[in-house]
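Scroll down for the structure; my scribbles are underneath it.
What you see below is based on every heavy atom in this structure, not just the backbone, and it leaves out hydrogens, waters and symmetry mates.
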Amino acid sequence: MAAGILVESIPSPVIRLESHSQGLRSYRLNLISAETCVGKPQCHRYSSRSLGSFFQQNLGYTQQLHRSWHLVENFAASFCALNFIGGVRSAIFLGLLAGGPAAIWSSYIITVVFMMITAAVLAEICSALPLSGSIYIWAAESAGPKYARFFGFIVAWWACTAWMTFTASNCQATAYYIVSQLSVWEIDFPGGLDSSNIKWRALVWAISEVLLIISVMVNYLPPKLYSGVFRFSVALIMLDFFLCLIWLPIGVSKTYGFRDAHEVFTMSYNGTGASAGWNWLLSFLFTAGTMTGFDASGHIAEETKHASVTASKGILTSALATGVLGFFTTILFLFCTPDLDTLFSLNAPQPFVQIYALALGRGASIFMTIIAVIGLILNTSVAIVAASRLVFAVARDGVLPLSRWIGQVTAEGQPRNAVTVLYIFGASILCTILPSSVAFTSLVSAAGVPTIAAYGLIALLRFTMTPNYFRSSRFFLGRFAKVFYVCAFLFNGLVFAVMISPFYFPVDAGTFNFACVIFGTVTILGIISWSVVPEEKWLRREQILQALNTTNEE
């Protein structure tokens, strides 16, 4: 395959268009040698650059999106959507409550290993099926022709729920950085900085809505200009990391001092009320949460050159970079945060803003907050890129209301209408902050759960249904495949259990985790849509069979 596959560019015995009684189409590819095409001007090299277009044809799609991005942009799609520095900074407090420092660093090592295995499983199938909305197509093809539509519908619902709710929750998280400066400067807010205060909720809501608009507006840039956004986002994340790596320790050494190594590596803590064992496992809520979302590289595969190789590399490299840098960041923060009593007494919505103020001073905390806010805005914008491609992929199959409009692309090959849908959805979800912050938290609590469920399900389906398929993948796992499938399924199954578990015990109405309810509801909606949407409208059996046979060509 390195030398390329040659096909004829016009109808011939090499590629035959076959009509079926229902008017469906399928394509058959025969490999021909270079000698066959010598002297034939109608032949062209079918290299990895155009491999994505071939699979679009096999699934009945035509190339609509631009194809101008390279490995840098594809890597950035996942790396920036994950945003390791922002993820660690936001969720490390959950890890400290669940197990303490010892649980955090040990669980992170386990997470990096098994998430890399999961990334390898997804990279294998991404190389064979580099399509927008990829994760539900991967699930469908992994299930084989008999159950393809069923699992394709369910994972489509899961993925849309996960990515679309993440954009809203990330805007609220960004707003928390801004309003936390009120605590740093000891500015009184009418009614107090409390979620029970309607004025406070209104302020958070208004800022979140403005941040969402900014993130969406960036997505309206033409693809060539957005390439610069990808690159700038990576640079800003790394600037944030190096500032924390260099400046924060200097400030800590001159103020409240470092935590000692014994405390960092051996101290345990139970702030959840769970049993000791489960309390420790709850630390995976933090560690796995910071490494969920590397499938974003697959969602922009149709817009990436040499997609069958580049998109898979994007998945693997972004997962590895996020895991390694996230682990170093976690160790750094464990040494640089105040003692747990001081830490848990901080009253800002985003305590790290106060930590910067304690270590670096009030003025410096503003600078670090600005860096974090810009990084999170770009983080949301990149997440919208992945989410909009997912929505576009579902819409072009005619499943969504207004699918014809949502599936339209601009002259530059950009699904701008799908981006608009993301804005409407995100803005609507943010409005639930106004009546109750609990309502909003409940809606977005399942943001990571469907993605983890999809990771585990794809691995399970590959192991049980299609273990010997996808041999055309440039990242074929070979003899390691079944071991990787089992490991990915078991680990993501554990993380799934952690994510739907209550975080505080004993459980009451105030501490109940609604993620399981939301996840169950979304799954039921997926099953209902599978039962009512006609087969000829979405994920037809002929499409599944043809694509599956094609991906098994060695």
Side-chain angles (χ1 to χ4, degrees), residues 86-87 89-94 97 161-217 285 289 344-357 365-366 369-370 372-377 379-381 383-384 422-449 502-504 507-515 517-518 521:
R89 195 161 40 209
S90 296
I92 193 171
F93 306 102
L94 294 177
L97 284 169
T161 299
W163 281 103
M164 293 174 75
T165 55
F166 173 75
T167 58
S169 64
N170 215 41
C171 289
Q172 187 206 44
T174 310
Y176 278 163
Y177 276 87
I178 297 173
V179 297
S180 291
Q181 283 293 330
L182 296 176
S183 295
V184 169
W185 295 91
E186 299 178 354
I187 298 175
D188 292 329
F189 185 83
L193 310 182
D194 189 273
S195 58
S196 62
N197 179 8
I198 180 60
K199 294 181 179 179
W200 171 254
R201 295 200 303 273
L203 175 65
V204 172
W205 167 77
I207 295 175
S208 299
E209 292 283 9
V210 171
L211 293 170
L212 178 62
I213 291 173
I214 295 172
S215 299
V216 169
M217 293 300 295
L285 186 65
F344 293 143
S345 67
L346 299 177
N347 61 352
Q350 175 42 262
F352 238 100
V353 173
Q354 288 179 303
I355 292 175
Y356 285 140
S365 73
I366 295 178
T369 297
I370 291 173
V373 166
I374 296 175
L376 286 171
I377 289 173
N379 175 210
T380 305
S381 177
I384 292 173
L422 261 295
Y423 167 70
I424 296 171
F425 184 87
S428 300
I429 288 182
L430 284 172
C431 289
T432 61
I433 295 175
L434 292 172
S436 170
S437 60
V438 175
F440 176 77
T441 303
S442 297
L443 282 173
V444 302
S445 62
V449 175
F503 189 75
Y504 293 104
V507 181
D508 56 29
T511 61
F512 181 75
N513 185 355
F514 286 91
V517 177
I518 297 171
T521 301

Do [X] and [Y] have side chains that approach each other closer than 4.5 Å (heavy atoms only, starting at C-beta)?
X: Phe93; Y: Gln350; value: yes
X: Thr167; Y: Phe425; value: no
X: Phe166; Y: Thr380; value: no
X: Ser180; Y: Thr369; value: no
X: Leu193; Y: Val179; value: no
X: Cys431; Y: Glu209; value: yes
X: Leu422; Y: Val216; value: no
X: Trp200; Y: Val204; value: yes

For Tyr356, enumerate each residue passing the ring pair (Phe, Tyr, Trp, His ring centres under 6.0 Å) test, keeping only those at least two apart in sequence or located in another chain. Phe352

Which atom names give the shortest non-hydrogen contact between [X] and [Y], and what distance separates them?
X: Arg201; Y: Ser195; answer: NH1-O, 2.8 Å
X: Pro351; Y: Leu346; answer: O-CD1, 3.8 Å
X: Pro435; Y: Thr432; answer: CD-O, 3.3 Å
X: Leu434; Y: Ala202; answer: CD2-CA, 3.8 Å

Using 0.5 Å steps for rounding, measure from the [atom1] atom of [X] to the [atom2] atom of [Y].
X: Ile424; Y: Met164; atom1: CD1; atom2: CE; value: 9.5 Å
X: Ile178; Y: Leu211; atom1: CD1; atom2: CG; value: 5.0 Å
X: Leu212; Y: Ile377; atom1: CG; atom2: CD1; value: 10.5 Å
X: Glu186; Y: Gln181; atom1: CD; atom2: CD; value: 12.0 Å
X: Ser208; Y: Ile433; atom1: OG; atom2: CD1; value: 4.5 Å
X: Thr165; Y: Asn170; atom1: OG1; atom2: CG; value: 10.5 Å

Would a distance-only check, ignoring hydrogens and angles, find a side-chain to backbone donor-acceptor pair under 3.5 Å from Asn197 to Pro190? yes

Check step by step if side chain to side chain contact (heavy atoms under 4.5 Å, CB included) holds for Ser183 and Phe189. CA-CA 9 Å; Ser183 295; Phe189 185 83; over 6 Å; no

If a pair satisfies salt bridge (Lys or Arg N to Asp or Glu O under 4.0 Å) and one of its residues is in residues 172-184, list it, with sequence neighbours excluded. none

Taking everything shown except Asp508 itself, do over 12 heavy atoms lie less than 6.0 Å from its CG? yes

Go through the steps for Tyr504 and Leu97 under the test side chain to side chain contact (heavy atoms under 4.5 Å, CB included), then give the verdict. CA-CA 10 Å; Tyr504 293 104; Leu97 284 169; 3.4 Å; yes

Which residue in the set Leu376, Ile207, Asn379 passes side chain to side chain contact (heavy atoms under 4.5 Å, CB included) when paired with Thr174? Leu376

